[in-house]
Amino acid sequence: MEEKIKQLLLSNANAVFGKEIAEEQIQFQKTRKDVAGDLTLVTFPFVKLLKTSPEKAGEKIGAFLKEQLHEIEEYSVIKGFLNIVLNDQFWVSTLQDLHKDDDYGKAKTPSGKTSMVEYSSPNTNKPLHLGHLRNIFLGYSVAQILKANGDAVVKTQIINDRGIHICKSMVAWQQFAPVDDKGNRETPKSSGIKGDHFVGKYYIEFDKQVTRQGFDLASSWKEDDYLACNDEIKEKLEGLFAAYEREEDTKKRTKIYRKIAGMATDQTDMTRAAKEMLIKWEARDPEVYLLWNTMNGWVYEGFDKSYDRMGVDFDKLYYESDTFLIGKDIIDEGLQKEVFFKKGDGSVWADLTDEGLDEKLVLRADGTAVYMTQDIGTAIDRFKDFPSLDRIIYTVGNEQDYHFQVLFLILKKLGYDWAKQCYHLSYGMVDLPDGKMKSREGRVVDADDIMEEVVQMATASTKERGHLDGMAEKDRKDLYEMIGLGGLKYFLLKVDPKKRMKFDPNESIELNGNTGPFIQYAHARIQSLVNKVALDEVGEIKINAPEKEIIKQLSEYPTVVKEAGENYSPALIANYTYELVKSFNGFYQQYSVINETDEALKNARIVLSQNVGKVIASAMKLLGIDVPNRM
RNA sequence: GGCUCCGUAGUUCAAUGGAUAGAACAAAAGUUUCCUAAACUUUAGAUGCAGGUUCGAUUCCUGCCGGAGCUACCA
């Protein structure tokens with residue numbers, strides 16, 4: 001309808017306004033709740049053009065439109081706002097149309113675009129945490145939304161299975177894992193710990209031990225009057241040690257301790273062991289490779305279980321152990337082409353100072369790859385694998401904004417046209433009440449734990465309501481999962497992805513109010529309702545104001561799906577659905593559907609309810625959330 | 001220090017430059033002979049500060065105050 005009015009005004013601009021107008025001047029918005037109207041045109045933009053008051057402009061346009069369009073019942077002008085009331089017939093046919101549409105909300109024609117969505121880029125040295133959950137749910141949902149908008153979508157994952165951090169877990173396991181009487185080290189199987197958690201335990205152990213070693217080393221330097229250090233470091237260390245001994249507050253003391261240890265950590269035996277292992281790994285040392293394969297295998301077993309519970313999947317996997325080699329080749333080529341340059345120590349850099357950025361390391365002096373090396377390789381590999389690819393969407397936290405700015409720039413400098421089609425879907429961090437999560441220090445909300453917890457909560461509150469008489473045990477279990485995970489997903493997706501969000505593990509995830517279960521409950525109730533009536537033939541339909549309001553909301557759904565796609569924002573879908581459900585709940589409370597005596601009105605309410613249910617299910621599907629028929 | 005992002009009810013979140021800044025939770029008070037009360041209805045409560053642009057600013061610009069991130073031969 002908006003489009004119809006827009007076209008009408010544009011093509012009759014001379015008749016109505018006496019001159020041509022620009023499309024941007026025609027601005028619609030939703031009519032305020034307390035004002036009669038279904039559609040509001042903002043008339044301020046015409047004031048200057050027509051040299052008249054906003055009221056007069058509104059009158060003029062209103063009169064013209066009413067004359068032209070039979071759908072317009074009446075209109076009113078309040079200040080700069082032309083409020084248009086559409087007649088009931090328009091809304092009845094709107095309802096009938098969307099009722100017939102099984103794919104309501106989705107694009108009617110393919111966009112012709114192929115989009116790759118990367119979400120989840122786990123390191124294989126520790127289990128997933130709450131931050132990954134936001135990342136994974138966000139990326140999965142964006143993939144669904146892009147599909148709904150007609151894209152062909154490839155869901156992918158980049159598995160960071162190599163690098164110094166992996167070597168740290170490996171070194172720690174070699175050095176600290178308990179050995180049984182047969183001489184075998186502890187494994188996930190022997191310890192009963194899930195594989196990813198098992199490896200993560202050793203990564204944390206590495207950090208703990210290396211910190212202690214670092215401190216000890218620095219202390220020994222102190223004994224020897226910092227013989228091993230230059231003056232600047234010596235001075236700093238002296239100051240830190242003095243502060244350490246003076247400080248009484250344990251927390252601050254720990255902080256200083258870490259700082260001292262950090263300064264010396266690079267020189268410890270453990271760090272050296274990890275670095276040596278990385279070099280051996282890149283040289284494909286058989287022993288190191290075996291260890292690496294074994295430990296990564298443990299982690300994948302764990303990840304698979306987690307992904308399965310999350311209900312997400314991938315079409316194609318990329319491993320950095322493969323793509324870093326491509327990256328290294330490209331670095332060579334880039335050196336030839338003088339996109340990169342080599343420093344005296346052998347390290348390779350990209351000079352981005354002309355672009356207002358700094359120099360960026362792309363290969364270490366010892367020849368090993370850094371993150372950037374493999375990210376270059378991965379991108380190239382992807383466009384090789386999928387020649388029809390139009391764009392890659394990287395779902396990665398905003399702490400890496402700079403990294404992606406640099407990556408895309410380097411790809412462009414290397415001459416890849418598609419670099420401009422790469423988009424960093426940058427989402428805000430999940431904060432705990434006392435700040436950021438630090439996985440290195442083990443200060444995280446674990447993904448498996450939080451999933452389990454929220455399902456437990458869903459189980460408890462569902463049992464409490466007791467709506468499940470006659471339901472099989474298996475179905476109940478599935479329902480608890482659906483509600484728990486639905487609550488968790490909705491919680492993480494309802495917030496604008498770009499914004500940082502807070503999560504308090506002590507306050508459990510809310511299941512009342514603006515939540516997943518609130519929406520799931522509305523769906524269950526609607527199913528229960530429509531199951532009570534025969535729906536084969538829709539007879540005559542009549543609507544009143546309350547029905548009209550909800551039809552209006554339903555009619556906005558396709559626009560919301562489109563906007564969610566354009567903005568990569570599942571939050572828009574979540575908020576829309578919440579508003580829809582709130583309206584419907586109010587309606588449901590006040591008016592009876594199956595006891596309505598006016599047949600035409602009853603028909604309308606049944607069809608309306610059914611389609612609210614349809615849109616709820618469709619919208620939640622786009623968020624990766626399932627909805628139950630009973631709860 | 002440089003660059004970037006963020007400051008909205010007690011708390012967690014909304015608001016393409018548009019009308020009287022919306023919800024939820026927490027607080028207070030109600031609604032079950034009736035389609036699932038995980039619901040519904042009331043009440044109270046907010047744009048960090050100071051300027052500027054605009055018919056109109058939570059939104060855009062400048063400064064200040066407060067918080068975060070990046071600025072690693074970490075990932």
Side-chain angles (χ1 to χ4, degrees), chain A residues 27-29 31-35 40 42-45 47-48 53-54 78-81 83 121 123 125 160 163-166 168 266 275 343 345-349 356-358 360-366 368 370-372 397-403 405 426 428-429 431 435-436 439-440 458 461-462 464-467 483 487 491 494-496 498-504 507 510-522 524-533 563 567 571-572 574-575 578-579 581-582 585-596 605-606 609 630-631:
Chain A
Q27 292 172 18
F28 288 101
Q29 62 178 310
T31 307
R32 276 176 60 103
K33 269 188 232 142
D34 50 352
V35 173
T40 293
V42 184
T43 62
F44 288 109
V47 169
K48 266 188 188 162
S53 68
I78 304 171
K79 291 192 270 183
F81 302 95
N83 303 301
S121 31
N123 296 344
N125 62 337
N160 191 1
I164 191 75
H165 52 294
I166 315 294
K168 287 178 181 177
D266 281 352
K275 281 184 180 169
K343 286 195 177 173
D345 61 3
S347 58
V348 182
W349 298 73
L357 302 174
D358 225 333
K360 188 74 186 178
L361 177 87
V362 292
L363 202 64
R364 289 197 187 96
D366 64 9
T368 58
V370 289
Y371 230 46
M372 192 57 77
N398 63 11
E399 58 188 349
Q400 294 194 39
D401 284 356
Y402 183 72
H403 175 81
Q405 201 187 339
S426 163
M429 299 285 99
D431 280 328
K436 209 186 157 184
S439 47
R440 219 168 299 195
S461 28
T462 307
E464 201 178 299
R465 326 275 161 181
H467 291 164
I483 296 171
F491 180 87
K494 73 175 176 185
V495 180
D496 182 343
K498 289 194 284 294
K499 291 191 179 162
R500 161 183 283 280
M501 68 183 291
K502 205 162 288 177
F503 178 82
D504 189 343
E507 290 173 24
E510 193 64 53
L511 299 178
N512 298 314
N514 183 1
T515 65
F518 173 86
I519 291 167
Q520 289 172 322
Y521 177 69
R525 210 160 57 165
I526 288 170
Q527 295 320 305
S528 157
L529 177 68
V530 298
N531 284 340
K532 287 190 167 66
V533 290
E563 281 170 1
N567 296 300
L572 297 178
N575 290 333
Y578 175 63
E579 293 299 328
V581 166
K582 266 197 352 153
N585 280 347
F587 175 84
Y588 177 90
Q589 194 78 17
Q590 204 181 343
Y591 304 98
S592 183
V593 175
I594 58 181
N595 297 324
E596 173 56 47
R605 289 180 182 170
I606 292 167
S609 304
R630 260 184 95 177
M631 73 184 270

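Letters A, B, ... are given to chains in the order of the sequence lines, protein chains preceding strands, and every chain is numbered from 1. Everything numeric here is computed off the predicted structure, so don't read it as measured data.
Rounded to a whole Å, the CG atom of A:L357 is 12 Å from the C1' atom of B:U4. Atom C1' of nucleotide B:A75 and atom CE of A:M429 are separated by 13 Å, given to the nearest angstrom. Atom-to-atom, CG of A:N531 to C1' of B:U36 comes out at 12 Å; the value is rounded to the nearest Å. Going from atom NE2 of A:H403 over to atom P of B:C3 covers 23 Å, rounded to whole Å. Between the P atom of B:G22 and the CD atom of A:Q29 lies a distance of 14 Å, rounded to the nearest Å. The separation between A:D358 atom CG and B:G1 atom P is 18 Å, rounded to whole Å. Between the CD atom of A:E510 and the C1' atom of B:A23 there is a distance of 13 Å, given to the nearest Å. In this structure, OH of A:Y371 is placed 14 Å from P of B:C70, rounded to the nearest angstrom.
OP1 or OP2 of B:A75 lies within a sub-4.0 Å distance of a side-chain N or O belonging to A:R364. Side-chain nitrogen and oxygen atoms of A:K502 include at least one within less than 4.0 Å of the OP1 or OP2 phosphate oxygen of B:U12. Residue A:S528 places at least one side-chain N or O closer than 4.0 Å to OP1 or OP2 of B:U36.
Nearest nucleotide to the A:Q400 side chain, out of B:A75, B:U71, B:A19: B:A75. Closest to the side chain of A:V593, from the set B:A75, B:U36, B:C35, is B:C35. Ranking B:A14, B:C35, B:C70 by closeness to the A:Y402 side chain, first place goes to B:C70. Listed nucleotides B:A75, B:G18, B:A24 differ in distance to A:N514; the shortest reach to its side chain belongs to B:A24. For A:I594, the side-chain atoms get nearest to B:C35 when compared with the rest of B:A19, B:C35, B:A75.
Residue whose closest nucleotide on RNA chain B sits further toward the 5' end, between A:S347 and A:Y578: A:Y578.
Heavy atoms of A:N567 sit nowhere under 4.0 angstrom from any nucleic acid atom. The residue A:Y591 sits close to a base: some heavy atom pair falls under 4.0 Å. In this structure, A:F587 reaches neither bases nor backbone, as no heavy-atom distance under 4.0 Å exists between it and the strands shown. Among the heavy atoms of the strands, none lies under 4.0 Å from A:S609. At a threshold of 4.0 angstrom between heavy atoms, the contacts of A:V495 are confined to the sugar-phosphate backbone, with no base atom among them. Within 4.0 Å of A:D504, counting heavy atoms only, lies no atom of the nucleic acid at all. Heavy atoms of A:D401 sit nowhere under 4.0 angstrom from any nucleic acid atom. When heavy atoms are screened at a 4.0 angstrom cut-off, A:D496 is found touching the sugar-phosphate backbone but no base atom.
Shown here, B:U32 is classed syn by the O4'-C1'-N9-C4 or O4'-C1'-N1-C2 angle, which is within 90° of 0.
We find that the ring of A:F44 and the base of B:G56 do not stack by the test of centres under 5.5 angstrom and planes tilted less than 30°.
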Does A:R32 form a side-chain hydrogen bond (donor to acceptor under 3.5 Å, both in side chains) with A:N83? I'd like the steps, not just the answer.
CA-CA 9 Å; A:R32 276 176 60 103; A:N83 303 301; over 6 Å; no

Assess the residue pair A:D366 and A:R364 against the criterion (salt bridge (Lys or Arg N to Asp or Glu O under 4.0 Å)); give the C-alpha distance rounded to whole Å, side-chain angles, the decisive distance to 0.1 Å, and a yes or no.
CA-CA 5 Å; A:D366 64 9; A:R364 289 197 187 96; 5.2 Å; no

Under a 4.0 Å heavy-atom criterion, the protein footprint on nucleotides 38-46 of chain B, written with B, S and -, is BBS------

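Distance check: A:M501 CE to A:K494 NZ gives 7.5 Å after rounding to the nearest 0.5 Å.
Applying the 3.5 Å distance criterion, the base of B:A24 shares no donor-acceptor pair with the side chain of A:T515.
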